[in-house]
Each structure stands twice: as C-alpha cells, then as structure tokens.
Amino acid sequence: MNRLIALIGLAVLVAGCSDSALMDDLGERSHGYVVGSTTTTVFVRVGDTVSAASGVGPVEGVRWYNEGIQGEETAPEPNLVIPGVWARGNAEGRFIQASPAEINVAVPGIQFPALVPQEAVWVTSQLVYDPASATLDPNTLAAFGLWSVSPYADDSGRLAVLRVGEARANASPTIRPTPDENGLTLAWSDGPYRYELLCYLRVDEDVCWQMAEVLAPLESVAPGPVLQSG
C-alpha cells in the first residue's frame with residue numbers, strides 16, 4: 001500500500017513530462033545490493049526481501065518462441081550475426097525475430113529476468129535495427145515479450161515487454177518506476193546496458209519488481225546451446 005501511494009504521488013509529480021523525461025528525470029528509489037555469484041546479481045529492496053513465493057516462477061518454465069528459428073545464424077561473432085539476422089528478416093521492419101542464441105552473441109552480456117509471472121507461457125525475442133544503417137539501434141538493441149497465450153494471437157495475453165539499449169555514461173543501477181495508463185515501467189542500468197521493463201496492468205506490481213530485481217545472464221536461462229561471442 002505504501003508503494004502504491006508513493007507511485008500515485010510520483011505520477012502526479014511527473015504529469016505533463018515527455019516519455020524520455022519520465023525515464024531520465026525521475027527521483028531514484030533507494031536500493032541495497034546483494035552480489036551473488038559471478039554470473040548473477042540480485043537487487044534487494046531496502047527494508048524488504050526478494051521472494052519468489054507469490055506470483056512468479058523460474059524463467060526456465062517458459063518456452064522461447066524463436067528457439068532454433070529457421071535460418072538461425074550460428075557464427076559466434078556479432079559482426080556476422082547482426083547483418084545475418086538483418087538479411088533474413090528486414091522485410092519485417094526494424095523489430096526482427098531472433099533466437100536467444102543470436103541475441104546473446106549480438107548483445108554480449110545481456111541479462112534477462114530469472115523470475116517471470118506464473119501465467120507466462122512464452123517468451124518472444126527480437127533484435128532491433130536502425131533501418132538506415134542496417135545495424136542495431138543503440139536505444140533499443142533487443143526486445144522481449146512475455147505472453148500467457150500463443151504469441152501474437154491475442155494482445156490481451158501480453159504480460160510484459162523488456163527493452164534493452166545502450167546505457168548512458170554514468171548511468172545509475174537504481175531502479176526507477178514510472179506508472180501510466182498501460183501499467184508500470186521499471187528502468188535501470190546494469191553494466192553497458194539500459195533496461196526498461198513494462199508490466200501491463202494485469203501483472204501485479206510486486207511481480208514486476210521481482211522480475212527487475214532478480215536478473216541472470218541470458219545464456220544461463222535461455223534454452224538449448226547458446227553461442228558464446230568471441
């Protein structure tokens with residue numbers, strides 16, 4: 001309840017700002033940090049405990065829509081995978097369906113929530129391009145969708161969207177919330193990347209926070225052989 005009141009107050013304070021201003025200028029929420037193994041960082045809210053007891057489950061329980069996609073690029077170098085995926089799917093537009101293996105190579109070190117809503121059944125994954133240069137868009141390098149139904153069959157089954165772009169210099173790892181009519185967006189930076197997680201209204205607020213706070217390298221949670229970038 002306290003967080004809901006704080007978010008409502010925050011929404012009033014930022015009313016009238018542009019989308020970019022909302023992400024860049026929101027007051028930071030205080031967090032503590034617990035660093036686990038060399039492959040996983042767990043973010044813990046001050047005065048609270050990250051728990052998987054309610055509303056979430058391990059990401060290993062969902063299916064990856066683009067696992068083993070037809071024509072999958074198998075080279076372990078970004079300079080081969082990025083143009084290869086573009087050549088395969090540029091007719092789709094700038095969001096091109098890509099396997100987790102391809103994304104792991106094209107965006108080295110990218111992370112993904114280790115916990116997802118219990119209703120989640122599918123994960124969709126795309127690389128995102130600047131069509132003028134046929135290279136990845138630095139603002140959004142990759143995008144993921146979480147679905148409770150077969151992807152793209154019914155938008156009401158879309159639970160959350162995660163977009164990953166390049167982090168700005170001196171970016172903060174503090175998670176910043178932005179509520180709006182679509183749901184709750186949490187934004188933070190970790191290493192070279194900036195993460196924006198939009199949880200739609202049907203997803204409980206605490207579930208959204210748990211997703212943002214418990215991350216793991218994509219290569220450790222995605223199915224099948226994930227190529228190592230070299």
Side-chain angles (χ1 to χ4, degrees), residues 33-44 50-69 72-74 76 78 81 85 95-128 136 140-151 157-165 167 173 175 186-200 203-204 206-230:
Y33 302 94
V34 177
V35 179
S37 69
T38 57
T39 59
T40 304
T41 300
V42 178
F43 298 81
V44 181
V50 169
S51 171
S54 177
V56 295
V59 68
E60 288 83 0
V62 301
R63 300 175 64 185
W64 289 74
Y65 183 73
N66 289 320
E67 178 188 2
I69 191 171
E72 183 177 42
E73 292 294 327
T74 58
V81 169
V85 172
F95 285 77
I96 298 178
Q97 301 293 331
S99 71
E102 292 171 327
I103 294 175
N104 184 66
V105 173
V107 190
I110 189 172
Q111 298 192 81
F112 193 83
L115 300 174
V116 296
Q118 287 180 342
E119 303 89 343
V121 177
W122 289 96
V123 183
T124 54
S125 51
Q126 300 90 28
L127 287 173
V128 186
L136 296 184
T140 307
L141 301 163
F144 304 88
L146 283 164
W147 301 77
S148 62
V149 299
S150 181
R158 194 191 300 266
L159 300 171
V161 172
L162 176 67
R163 296 194 182 199
V164 184
I175 301 175
L186 301 177
W188 68 97
S189 293
D190 191 344
Y193 303 122
R194 175 178 174 81
Y195 296 82
E196 293 184 3
L197 175 65
L198 167 61
C199 297
Y200 290 98
V203 176
D204 186 81
D206 282 333
V207 169
C208 194
W209 277 95
Q210 288 186 80
M211 290 173 63
E213 290 169 331
V214 185
L215 302 176
L218 178 64
E219 63 183 342
S220 72
V221 298
V226 176
L227 302 170
Q228 300 293 326
S229 60

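Along the sequence shown, residues are numbered consecutively beginning with 1.
Within the 4.5 Å cutoff, the side chain of Thr124 has heavy atoms near those of the Trp147 side chain. Using a 4.5 Å cut-off on side-chain heavy atoms (C-beta onward), Asp190 and Leu215 make contact. Residues Val207 and Cys199 fail the side-chain proximity criterion, which asks for heavy atoms closer than 4.5 Å. The side-chain heavy atoms of Leu197 and Trp188, taken from C-beta on, include a pair separated by under 4.5 Å. Residues Ile103 and Ile110 are in side-chain contact: their nearest non-hydrogen atoms beyond the backbone lie under 4.5 Å apart.
Atom OH of Tyr65 and atom CZ of Phe144 lie 16.0 Å apart (nearest 0.5 Å). Separation of atoms CE (Met211) and CG (Leu115) is listed at 9.0 Å; rounding is to 0.5 Å.
Distance alone, capped at 3.5 Å, is enough to place a donor-acceptor pair between the Ser148 side chain and the Gly157 backbone. Formation of a donor-acceptor pair under 3.5 Å by the Asn66 side chain with backbone atoms of Ser125 is found in this model. The closest donor-acceptor contact from the side chain of Ser99 to the backbone of Glu67 lies at 3.5 Å or more, if one exists at all. Not a single donor-acceptor pair under 3.5 Å links the side chain of Glu72 to the backbone N or O of Ile69. Without hydrogens or angle criteria, Gln97 side chain to Gln126 main chain gives no donor-acceptor distance under 3.5 Å.
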Inset, instruction - Starting from the C-alpha separation in whole Å, work towards a yes-or-no answer on side chain to side chain contact (heavy atoms under 4.5 Å, CB included) for Tyr193 and Leu141. - result: CA-CA 9 Å; Tyr193 303 122; Leu141 301 163; 3.8 Å; yes
Inset, instruction - Determine, stepwise, if the pair Leu127 / Phe95 fulfils side chain to side chain contact (heavy atoms under 4.5 Å, CB included). - result: CA-CA 6 Å; Leu127 287 173; Phe95 285 77; over 6 Å; no
Inset, instruction - Dump the intermediate steps for side chain to side chain contact (heavy atoms under 4.5 Å, CB included) on Gln111 and Leu218, then the final yes or no. - result: CA-CA 5 Å; Gln111 298 192 81; Leu218 178 64; over 6 Å; no
Inset, instruction - Decide side chain to side chain contact (heavy atoms under 4.5 Å, CB included) for Leu159 and Tyr200; before the verdict, give the C-alpha distance in whole Å, the side-chain angles of both, and the deciding distance to 0.1 Å. - result: CA-CA 6 Å; Leu159 300 171; Tyr200 290 98; 5.8 Å; no
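Among the candidates Pro151, Pro113, Pro117, the single residue satisfying the side-chain contact (heavy atoms from CB on, under 4.5 Å) test with Leu146 is Pro117.
Neither side chain, Ser150 nor Trp122, offers a donor N or O lying under 3.5 Å from an acceptor on the other.
The two atoms that bring Ala216 and Val221 nearest to each other are CB-CG1, 3.8 Å, heavy atoms only. Of all heavy-atom pairs between Glu60 and Ser220, the closest is OE2-O, 4.3 Å. When all heavy atoms are compared, the tightest approach of Val85 to Ala98 is CG1-CB, 4.3 Å. When all heavy atoms of Val81 and Ala106 are compared, the closest pair comes out as CG1-CB, 4.4 Å.
For Trp64 and Phe112, the ring centers are positioned less than 6.0 Å apart.
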